[in-house]
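To start, the structure under review is shown below, and the notes come after it.
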Amino acid sequence: MLKVCHLTSVHYRYDTRVFFKECTSLANNGFSVSLIVADGKKNEQKNGISIFDVGASNGRLDRMRNVTSRVFKKAVELDAEIYHLHDPELIPIGLKLKKLGKKVIFDAHEDLPNQILSKHYISPLIRKPLSTIVRILESQTCSRLDAVVAATPFIRDKFIKINKNTVDINNYPKLQEFNNLPTDDKREGQVCYIGGIADVRGIVEIVQAMELTNNKSSLKVAGSFIDKSLEPKVKAMTGWEKTDYLGFVGREEIKETLSESIVGLVTLHPTLSYIDSLPVKMFEYMSAGIPVIASDFPLWRSIIDAAQCGICVDPLEPQEIADAIDYLVDNPDIATNMGENGRIAVMEKYNWAIEEKKLFKLYDDLLGSKV
């Protein structure tokens, strides 16, 4: 049985893309799959995957200096044929593994140089030069790896200039996860936002919009505040009185929230890292059969207009968000039709069953044998 190893020093061990999609698909397809994590929650076996914990870090600097070395040590010990990296800070490990004769893939979840430009914890004075440095290092190192997996076509087009063996494996939902949610659990006027909570992800405008909606509307939020200093500010807003905050929840609670809601919100700000992204939550809303209210970015509008599955708004205008919420809450038949259109689009095009075939082909090509 061919041995593959996925590595992360940052992501949650049950990360949807890393664990539930890529690792689980490979395990189900006959690979012996290991996942190295750094969360302090010990080793375990789940979904046919061996999870190895190298211990949690004590902050970003400790993670960069010490955790990566522990990840490398465990990776060498596991002696796999393919190593699949999920964090940019692990690329130096990948180069070391290459010297040991291993096949190495880098999974580019995001456009890191662009993302740095909007990181709240990085001083505005150094964001641009740091972004430039990271872009240069990314180009010099990823060109030496065996392959790059990109989470969107936009990221693929960037990396294919660096490494010709680049393929986009989009983070679309698994059909079986949201396709059979009950349709009779909808709560009148309930809309939802699911995902990390940050200023650039639109939480302030969403809560402001709740102040402007009619009395039938309510908001359910599932996710953690990325910027902890933002939490008291948002909770002090008037619109928070119409908000049910769940905090971080697992996949079952997410399914329950989607089954209860009539609309899903994904109104991210127009930053460089978001405009050309493919937010997984948008497609999960579609898969669950609920319409989306999304930022009016050209790429997102092209998807939503083609599928007729939602409304695009200016994410910086709370009144537009409120008007879209009221329209869908007040017109449940239209909302239902949009939701069904989104579900059909996911079944036909935007689903993991299609994307995992690209993953299998990439591994097959790297190994030079049939999977």
Side-chain angles (χ1 to χ4, degrees), residues 2 4-8 10-31 33-36 47-49 80-88 90-91 94 103-112 114-115 138 142-143 145-178 195 251 273-274 276-284 286-287 299-300 303 345-368 370-371:
L2 293 169
V4 302
C5 180
H6 285 240
L7 298 77
T8 178
V10 178
H11 293 282
Y12 175 52
R13 66 172 57 199
Y14 304 138
D15 179 87
T16 302
R17 177 179 178 82
V18 178
F19 181 82
F20 282 107
K21 291 178 182 172
E22 293 181 341
C23 287
T24 299
S25 289
L26 290 166
N28 289 343
N29 206 52
F31 285 97
V33 182
S34 298
L35 171 63
I36 300 175
N47 287 14
I49 299 157
E81 278 86 12
I82 292 180
Y83 290 88
H84 195 134
L85 318 175
H86 289 278
D87 309 307
L90 298 181
I91 292 174
K103 301 290 186 180
V104 179
I105 300 168
F106 173 57
D107 202 311
H109 294 207
E110 296 155 332
D111 185 342
L112 182 60
N114 280 343
Q115 190 186 51
E138 194 176 62
C142 290
S143 63
L145 301 181
D146 293 284
V148 174
V149 167
T152 70
F154 176 81
I155 298 174
R156 174 203 62 202
D157 291 345
K158 184 189 86 167
F159 273 98
I160 207 163
K161 299 171 185 176
I162 299 170
N163 188 318
K164 291 183 179 180
N165 196 19
T166 296
V167 59
D168 61 303
I169 299 179
N170 302 291
N171 210 16
Y172 296 149
K174 300 177 83 169
L175 287 174
Q176 63 270 32
E177 186 169 17
F178 300 110
R251 302 304 288 174
S273 58
Y274 289 150
D276 294 298
S277 68
L278 291 174
V280 63
K281 292 303 176 237
M282 182 169 79
F283 296 101
E284 289 183 348
M286 292 165 64
S287 182
L299 175 60
W300 298 13
I303 293 168
V346 168
M347 292 178 66
E348 293 179 348
K349 185 176 182 180
Y350 305 112
N351 65 76
W352 181 249
I354 294 172
E355 299 305 303
E356 70 174 359
K357 292 177 183 176
K358 301 179 189 177
L359 181 67
F360 298 153
K361 184 179 186 304
L362 176 64
Y363 274 52
D364 183 19
D365 291 344
L366 288 180
L367 292 167
K370 290 294 182 183
V371 175

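Only heavy atoms go into these numbers, but all of them, side chains included; no hydrogens, no water, no symmetry mates. Along the sequence shown, residues are numbered consecutively beginning with 1.
Asn163 places a side-chain N or O within donor-acceptor distance of the main-chain N or O of Cys142, the cut-off being under 3.5 Å. Looking at Asp111, its side chain never comes within 3.5 Å of a backbone N or O of Ile155 through a donor-acceptor pair. Between the side chain of Trp300 and the main chain of Ser277, a donor-acceptor pair closer than 3.5 Å is present. Between the side chain of Ser143 and the backbone N or O of Ile162 there is no donor-acceptor pair closer than 3.5 Å. With Asn351 contributing its side chain and Ile354 its backbone, the two residues share a donor-acceptor pair below 3.5 Å. At least one donor-acceptor pair under 3.5 Å links the side chain of Asp146 to the backbone N or O of Val104.
Between Pro88 and Phe106, some side-chain heavy-atom pair lies under the 4.5 Å cut-off. Between Cys23 and Asn47 the shortest side-chain heavy-atom distance does not fall below 4.5 Å.
Test Asp365, Val148, Leu366 against Asn165 for side-chain contact (heavy atoms from CB on, under 4.5 Å) and you get one pass: Leu366. When the options Asn29, Leu26, Leu2 are evaluated for a side-chain contact (heavy atoms from CB on, under 4.5 Å) with Tyr363, the one that passes is Leu26.
In this structure, the salt bridge (Lys or Arg N to Asp or Glu O under 4.0 Å) partners of Lys358, at least two apart in sequence or on a different chain, are Asp168, Glu355.
Arg156 and Ala150 get closest at one heavy-atom pair: N-CB, 3.4 Å. Closest non-hydrogen pair, Phe19 versus Thr24, comes out as O-OG1, 2.7 Å. The shortest non-hydrogen separation linking Leu278 to Thr152 is N-CG2, 3.7 Å. Smallest separation of non-hydrogen atoms from Arg17 and Ile169: NH1-O, 2.8 Å. Between Pro153 and Asn170, the shortest heavy-atom contact is CD-OD1, 3.2 Å.
In summary, Glu177 and Lys21 do not engage in a salt bridge, as defined by a charged side-chain N under 4.0 Å from a carboxylate O.
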Practice task
For side-chain contact (heavy atoms from CB on, under 4.5 Å), just list the numbers for Lys158 and Glu138, CA-CA rounded to whole Å, side-chain angles, deciding distance to a tenth of an Å, and then say yes or no.
Solution key: CA-CA 11 Å; Lys158 184 189 86 167; Glu138 194 176 62; 2.7 Å; yes
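Using a 30° and 60° split on the angle between ring planes, His86 and His84 fall in the parallel class, below 30°.
Note on residues 155-174: pairs passing ring pair (Phe, Tyr, Trp, His ring centres under 6.0 Å), not counting sequence neighbours, are Tyr172-Phe283, Tyr172-Tyr350.
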